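Model, not experiment: these values are computed from the prediction. Any value given below was found using the heavy atoms of this structure, including those in side chains, with hydrogens, waters and symmetry copies removed.
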Amino acid sequence: MIRCRSATLIALVLLVAGCAPSRSGSLGPAPTAAAPIAPAPTSVGPSATIAPPPTDAPAPTTPGIGTTGVARPETLTLELWYVRDGRLVPTRRTRPATVATSRLALAELAAGPTPREADAGLVTLLPDGAEVSRIVAGVATVRLAAMADPVTARLREAQVVYTLTQFPTVRQVDFGAATPAGRADHADLLPPIVVTGPVIGGRVTSPVTVTGSADVFEATVNVRVLDAAGRQLATAFTTATCGNGCRGGYRVAVRYRLSAEQSGTIEVYEVSAVDGSRTKVVAVPVTLAATR
């Protein structure tokens, strides 16, 4: 009897468990690893900022001049105006670049010509220590000691004017007079023919390009190339942009043939309308490179 009741009780429990309703809720999916943090967008919007480079990245380079990306040149070529036979004569110097270009130019001008330029008759009248004290509105202020000879003093001032006005920041020079002086005020101190290239002592190759300005008959400028013995290797002519009472620029290329490099001369001149002779000759001693 007892066994029967136990069996009946067990059967009743099993019956109740089988009929019990299932749970309606759930725990959701099994947990997974945390998702990685998305990287910052690469595009830069109006309010975005750019993170600094990693510590092992090379530092960014800074351009030499402003933000244009143009590197500052290592050298600077200056045009210096010396004196020969009472007239102005240009030459050039290449020096390490500096921001104080006017100071460098006057220092080079006062230093005087090279031995080869001196052999060609060039001199300087500028004393040591001449400096530009300021540049305002295109006018450079330079104070020079007084000279007894007014002609020499004017030539000295012309050297300074022509040398400093090569820079775009200088149009005139104030020497303490009532009116600053520009190139036009000393144009009468130029020779009839000015040769700006090649310069005395330069090395040239064929064809050699000859440049400058001239005030010659019918604006015709003639050029010839001479070897070390003075023999004529080549000739050419061109027309300046102005002539017969006005000064104009000229440029001409002269091709020559030479088997060995040697000293030579570039002569620029006017042909006389009277007898066909060479007049107003400007001789520029150079080194002539050999041609193939």
(request) Only pairs at least two apart or in different chains count here, so list each disulfide bond (SG atoms under 2.5 Å apart) that has a residue in residues 203-247. (result)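 Disulfide bond (SG atoms under 2.5 Å apart) check on residues 203-247 returns C242-C246.
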Has the side chain of [X] got a donor or acceptor atom that lies under 3.5 Å from a matching backbone atom of [Y]?
| X | Y | answer |
| --- | --- | --- |
| Q159 | L125 | yes |
| Y256 | P207 | no |
| R84 | A120 | yes |
| T220 | E218 | yes |

(message) Before you tell me yes or no, could you show the steps for E79 and R92 under salt bridge (charged side-chain N to carboxylate O under 4.0 Å, His left out), namely the whole-Å CA-CA distance, both residues' side-chain angles and the distance that decides it to 0.1 Å?
(response) CA-CA 5 Å; E79 186 177 79; R92 290 192 295 273; 5.7 Å; no
Using a distance-only test with no angle check, is there a side-chain donor-acceptor pair under 3.5 angstrom linking [X] and [Y]?
| X | Y | result |
| --- | --- | --- |
| E117 | T91 | yes |
| T94 | T77 | yes |
| T211 | T196 | yes |

(request) Assess whether side-chain contact (heavy atoms from CB on, under 4.5 Å) is satisfied between V83 and R87, documenting all intermediate values. (result) CA-CA 5 Å; V83 175; R87 293 289 185 268; over 6 Å; no
(message) Restricting to salt bridge (charged side-chain N to carboxylate O under 4.0 Å, His left out), what partner residues turn up for R203, sequence neighbours left out?
(response)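 By the salt bridge (charged side-chain N to carboxylate O under 4.0 Å, His left out) rule, R203 matches E261.
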(request) Quick one: closest heavy-atom pair of L88 and P191, and the distance? (result)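 It is O-CD, 3.2 Å.
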Looking at [X], I want to see if its [atom1] is surrounded by more than 12 non-hydrogen atoms of other residues, nucleotides or ligands under 6.0 Å.
| X | atom1 | value |
| --- | --- | --- |
| D275 | CG | yes |
| R143 | CZ | yes |
| R171 | CZ | no |

(message) Would you say that V210 contacts I266 through its side chain, given a criterion of any heavy-atom pair below 4.5 Å between the two side chains?
(response)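 Side-chain contact under 4.5 Å: yes.
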(message) Which residues pass the ring-ring contact (aromatic ring centres under 6.0 Å, His included) test with Y162, not counting sequence neighbours?
(response)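 Partners of Y162 under the ring-ring contact (aromatic ring centres under 6.0 Å, His included) test: W81.
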(request) Output yes when R278 and E270 qualify as a salt bridge under the 4.0 Å nitrogen-oxygen rule, no when they do not. (result)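 A salt bridge is absent here (no side-chain N lies under 4.0 Å from a carboxylate O).
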(message) Closer than 4.0 angstrom, basic N to acidic O: yes or no for R154 and D188?
(response)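 Salt bridge flag = yes for D188 with R154.
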